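A quick write-up on the structure given underneath.
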Amino acid sequence: MSVFQNHNFENEKALIRVDFNVPIKNGVITDDTRIRGALPTIKKVLADGGCVILMSHWGRPLKDIEKKPGLTLADFSLKPIVAHLSEVLGVTVDFADDCAGDEASAKAAALKNGQVLLLENLRFYKQEEKGDAAFAEKLAKLGDVYVNDAFGAAHRAHASTSVIAQYFATGKKMFGLLMEGEVKAAEQVMHNNQKPFTAIIGGAKVSDKIMIIENLLDRATDIIIGGGMAYTFFKAAGGHIGNSLCEDDKQDMALDLLKKAEAKGVCIHLPADSIIADKFAADANCSSALSNEIPTGWMGLDISNMAVEHFSKIISASKTILWNGPMGVFEMEKFQHGTKAIAEAVAAATAKGAFSLVGGGDSVAAVNKFHLADKVSYVSTGGGAMLEYFEGKELPGIAAMN
Ligand code: AMP
């Protein structure tokens with residue numbers, strides 16, 4: 001059992017850093033995944049007989065107010081979350097109009113077992129993002145135990161995500177259940193993987209994914225490269241890619257990656273063929289071509305049949321799978337086939353016993369779109385944090401606990 005599960009919160013005030021940075025439009029929460037993700041942690045503290053003080057950031061209030069006249073702090077308040085949180089939690093949640101002032105201290109001090117208090121947006125204070133120690137210490141005084149359940153903010157060295165941990169003794173600071181799940185899944189893929197380990201990397205740009213690929217060269221057996229980024233590799237090797245996406249200044253880097261992979265015995269797989277289009281539009285005319293023989297005036301917007309078959313075979317033989325980035329412009333129906341087929345292949349491999357992690361931005365949107373999220377082993381909620389983890393960076397939110 002984990003430290004969190006073993007801990008008894010009876011008569012304790014748990015100060016929980018959550019990631020309630022949820023999309024809100026006209027006061028309505030349009031996706032509450034992050035709120036629901038934190039519920040098991042909150043419920044465990046309450047069930048033990050403790051009380052809960054929740055702190056989170058929302059948006060970038062100070063930066064946005066500076067840029068857009070007319071905006072005020074009220075536009076970034078966490079208050080619209082209170083009613084929804086109370087409803088899904090089944091407990092009436094109180095709200096403090098401040099996170100570090102007298103009201104927060106008074107309300108936190110008066111909190112009784114079984115009660116929940118949500119503090120106002122941490123980023124109303126510039127000290128939060130600066131990782132200010134005095135601010136972190138002030139927050140720390142609100143609770144007896146610090147629980148970090150905000151994986152989505154784990155790559156930030158902010159006051160509430162990392163600096164605060166030093167003010168709690170060992171045994172009085174720990175990850176929450178959501179954070180534990182994310183860290184465990186990420187560690188299983190990067191450090192405790194069963195081979196063959198296949199990484200599927202897609203998306204628009206090589207430059208965004210270069211550090212992940214470099215880091216994976218020391219761990220993966222196979223790396224599948226799809227999406228717009230594949231065409232830089234084809235062009236670098238002398239192929240014709242028509243108007244496909246290409247980062248000309250990254251061609252040398254692409255060739256260098258292929259050489260490094262060969263030296264390390266890692267197989268890099270590029271899509272042999274592509275669905276091509278005569279414009280970047282949902283109603284474009286489409287055809288299929290070898291990915292290194294795309295006619296002038298056409299662009300590759302998805303992987304085609306040979307590539308799907310080849311990639312699916314590799315995926316099927318894998319015991320560990322990491323997927324980041326779509327294989328094509330899956331947002332448009334004509335170019336979603338490759339991404340959908342790869343999602344299905346990952347789901348099928350998972351059903352046969354492989355461990356699969358889908359993480360980072362658009363591939364998460366893709367498995368959701370194709371209703372396959374519950375057919376893979378783990379879908380990460382932490383976009384930027386998971387990407388930095390895969391790049392091999394130490395996440396301040398994790399390091400602070402160790
Ligand atoms: P990323 O955020 O780097 O993972 O990129 C995701 C985006 O890449 C998605 O919006 C896709 O539509 C886009 N994308 C994937 N394949 C292609 C392609 N062949 N050409 C242009 N854009 C692509």
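Both ligands and their constituent atoms are indexed starting at 1 by order of listing. All values derive from a computational prediction rather than experimental measurement. The first residue of the sequence shown is numbered 1, and numbering continues consecutively from there.
Glu214 pairs with exactly one of Lys260, Lys393, Lys209 by the salt bridge (Lys or Arg N to Asp or Glu O under 4.0 Å) rule, that one being Lys260. Shown are Asn193, Thr221, Asp222, Thr198; of these, the side-chain hydrogen bond (donor to acceptor under 3.5 Å, both in side chains) with Ser318 is made only by Thr198.
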For ligand 1, run through the N/O pairs with the protein that fall under 3.5 Å and put one pair on each line.
{"residue": "ligand 1", "atom": "3 (O)", "partner": "Ala204", "partner atom": "N", "Å": "3.3"}
{"residue": "ligand 1", "atom": "4 (O)", "partner": "Lys209", "partner atom": "NZ", "Å": "3.0"}
{"residue": "ligand 1", "atom": "5 (O)", "partner": "Ala204", "partner atom": "N", "Å": "3.1"}
{"residue": "ligand 1", "atom": "8 (O)", "partner": "Ala204", "partner atom": "N", "Å": "3.3"}
{"residue": "ligand 1", "atom": "10 (O)", "partner": "Glu331", "partner atom": "OE2", "Å": "2.5"}
{"residue": "ligand 1", "atom": "12 (O)", "partner": "Glu331", "partner atom": "OE1", "Å": "2.7"}
{"residue": "ligand 1", "atom": "12 (O)", "partner": "Glu331", "partner atom": "OE2", "Å": "3.3"}
{"residue": "ligand 1", "atom": "16 (N)", "partner": "Gly228", "partner atom": "N", "Å": "3.1"}
{"residue": "ligand 1", "atom": "19 (N)", "partner": "Gly228", "partner atom": "N", "Å": "3.4"}
{"residue": "ligand 1", "atom": "19 (N)", "partner": "Gly300", "partner atom": "O", "Å": "3.0"}

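With sequence neighbours excluded, the residues forming a side-chain contact (heavy atoms from CB on, under 4.5 Å) with Leu73 are Pro61, Leu62, Ile65, Phe124, listed by chain and number. For Tyr146, the ring-ring contact (aromatic ring centres under 6.0 Å, His included) partners at least two apart in sequence or on another chain are Phe168.
Note: Phe9 and Phe4 have tilted aromatic rings, judged against thresholds of 30 and 60 degrees for the angle between ring planes.
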Quiz: residues 135-144 side-chain donor-acceptor pairs under 3.5 angstrom, not counting sequence neighbours:
{"residue": "Lys138", "atom": "NZ", "partner": "Ala100", "partner atom": "O", "Å": "3.4"}
{"residue": "Asp144", "atom": "OD2", "partner": "Lys13", "partner atom": "N", "Å": "2.7"}

